[in-house]
Amino acid sequence: MEKLKIAGGYPLKGTVRISGAKNSAVALIPATILAESPVTIEGLPEISDVEILKDLLEEIGGKVEITNDEMTVDPSTMISMPLPNGKVKKLRASYYLMGAMLGRFKKAVIGLPGGCHLGPRPIDQHIKGFEALGAQITNEQGAIYLRADELRGARIYLDVVSVGATINIMLAAVRAKGRTIIENAAKEPEIIDVATLLTNMGAKIKGAGTDVIRIDGVDTLHGCRHTIIPDRIEAGTYMILGAAVGEGVLIDNVIPQHLESLIAKLREMGVHIESGDDQVFVDGGAAKLKAVDIKTLVYPGFPTDLQQPFTTLLTKAAGSSVVTDTIYGARFKHIDELRRMNANIKVEGRSAIINGPIQLQGAKVKASDLRAGAALFIAGLMAEGITEVTGLEHIDRGYSNLVEKLNGLGATVWREALTEEEVEQLKNT
Ligand code: EPU
């Protein structure tokens, strides 16, 4: 096990290239199960979730090859192997195996998903969708059993706007008989990316990216080649970093439209931003930052995944800012850690109230989830002195080549093995 060490206070400048989107990748890889011939996905991020999904596809008999950032999956030899335990529990997105295996084999057994602890994360809308398509579903000892004699298209209204449920229902419905209509669907760019892959595989999908998606089922799907969209959350994290400690950071390989809510908020704070076709330039250097309030919402609102890193930036702003998370009301585990670094923040219900400006101080802190990790490595770069971040396994789930990318911008960041004593301490917390 390792920790991340950060020597704070160095200004960052230069260019950083954004990797493919994690939250697309974790759906695109299971989607390959639905084809009958090889599918190639280009531009995958180098993150642990991709490795785990590769292993899971191999467990069910798929042949998977990764070269550089490209994965080719031959799904023709896959079987409907039950996956009640093991690696399936290591990532929440393994729930996409349910939709994909149900679509291809009409049956699946999948251990209940793990992933970041952000408070309750039910999957009732996924289940409701599968049932509407004709599947029988039971939950036995922590694994979901799904079986259908036949999948039939249906009209499904989501009670909660859910990225996961929208994609999962799409995966099952592309090979169902007849038409499926998903109403109150989520509109995130990752949904369009998955729909684009499925369409290239021969699926018939209309309306992805709007709140009504229509799918006409087909009997078989074939292989194709697909390039993944850039990771808007990774890009947003580097934009926040550029605002916090940057003296001119160019974020390359980004779709600026995907980050309009963040760009608007950064400008409101007084950060200088220029956006081009696939690049965004951020200069926080000289600006005195103003306090702003944010409220997370479904896309195109302010993303919950950027709420935690944005909170760190707000410690530098003059005045009182309020951050409210309407998606995950308990996504505030980073706050105690930021307080150890001298931040003045209190949590009231679904909101964090940040008073600034303050100078963060280096400390030993722990990332409890992926984006808490982002909040903490940004804090480390802003702080005086050395910061040590443990819980790196969370950060490795979502940030490709983090140390290389940060040092490429002029940061002083490195990984170090944990001592035996530190491993023991972590086990006891
Ligand atoms: N919800 C339900 N029932 C369901 C599904 C969701 O009540 O059946 C609720 C959730 O509890 C939450 C809200 O609906 O309050 C939204 O959840 P959603 O299903 O949209 O989230 P998700 O698909 O599980 C994805 C991302 C998350 C991101 C959320 C919100 C993936 C693999 N994960 O999760 O990403 O926070 O959408 O945008 O795509 C991350 O990248 O750090 C991360 C956690």
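Counting convention: from 1, in listed order, for ligands and their atoms alike. Remember, predicted model here, so these are calculated numbers, not experimental data. Along the sequence shown, residues carry numbers from 1.
The atoms of ligand 1 that sit less than 4.0 Å from any heavy atom of Gly164 are 19 (O), 23 (O). The His126 neighbourhood of ligand 1 comprises atoms 8 (O), with distances under 4.0 Å to a heavy atom of that residue. Those atoms of ligand 1 that come under 4.0 Å of a heavy atom in Gln125, given as number and element, are 3 (N), 4 (C), 8 (O). Using a 4.0 Å cut-off to heavy atoms of Val26, the atoms of ligand 1 that qualify are 32 (C). Listed by number with element, the atoms of ligand 1 under 4.0 angstrom from any heavy atom of Leu370 are 42 (O). Taking a cut-off of under 4.0 Å to the non-hydrogen atoms of Lys22, the atoms of ligand 1 that pass are 40 (C), 41 (O).
Under a 4.0 angstrom heavy-atom cut-off, Ala186 registers as lying outside contact with ligand 1. Heavy-atom separations between Ile233 and ligand 1 are all 4.0 Å or longer.
Side-chain N/O atoms of Asp325 and Gln307 include a donor and acceptor closer than 3.5 Å. Side chain to side chain, Lys405 and Ser19 meet the donor-acceptor criterion of an N or O pair below 3.5 Å. Counting only N and O atoms by type, the side chains of Asn342 and Gln361 include no donor and acceptor under 3.5 Å apart. Between the side chains of Asp293 and Ser321, no donor-acceptor pair is found at a separation under 3.5 Å. Between the side chains of Glu46 and Ser400, no donor N or O sits under 3.5 Å from an acceptor N or O. A donor-acceptor contact under 3.5 angstrom links the side chains of Tyr399 and Arg371, judged on distance only.
A salt bridge (Lys or Arg N to Asp or Glu O under 4.0 Å) with Asp49 is found for one member of Arg397, Lys90, Lys54, Lys87 and no other, namely Arg397. Applying the side-chain hydrogen bond (donor to acceptor under 3.5 Å, both in side chains) test between Arg331 and each of Thr311, Thr296, Thr304, Asp369 identifies Thr304 as the sole match. With Asp336 as reference, Arg339 is the one residue of Arg339, Lys333, His334 to meet the side-chain hydrogen bond (donor to acceptor under 3.5 Å, both in side chains) rule.
Both the backbone and the side chain of Ile327 come within contact range of ligand 1, each with a heavy atom under 4.0 Å. Neither the backbone nor the side chain of Glu190 has a heavy atom within less than 4.0 Å of ligand 1. The backbone and the side chain of Ser162 each have at least one atom closer than 4.0 Å to an atom of ligand 1 (non-hydrogen atoms only). No part of Tyr299 comes within 4.0 Å of ligand 1, judged by heavy-atom distances. Heavy atoms of Asp124 found under 4.0 angstrom from ligand 1 belong to the backbone as well as the side chain. Using a 4.0 Å cut-off between heavy atoms, Arg397 makes no contact with ligand 1 at all.
The nearest non-hydrogen atom to atom 44 (C) of ligand 1, considering only Arg92, Arg371, Arg331, comes from Arg331. The closest non-hydrogen atom to atom 18 (P) of ligand 1, taken over Ile127, Ile123, Thr326, Val163, comes from Val163.
Crowding of Arg147 atom CZ: a count of heavy atoms from other residues, nucleotides or ligands under 6.0 Å not exceeding 12. Environment of CG in Asn139: crowded, with over 12 heavy atoms of neighbouring residues, nucleotides or ligands closer than 6.0 Å.
Distances between N or O atoms of Glu188 and those of ligand 1 include no value under 3.5 Å. Any N or O atom pair closer than 3.5 Å counts here, and Tyr96 shares no such pair with ligand 1.
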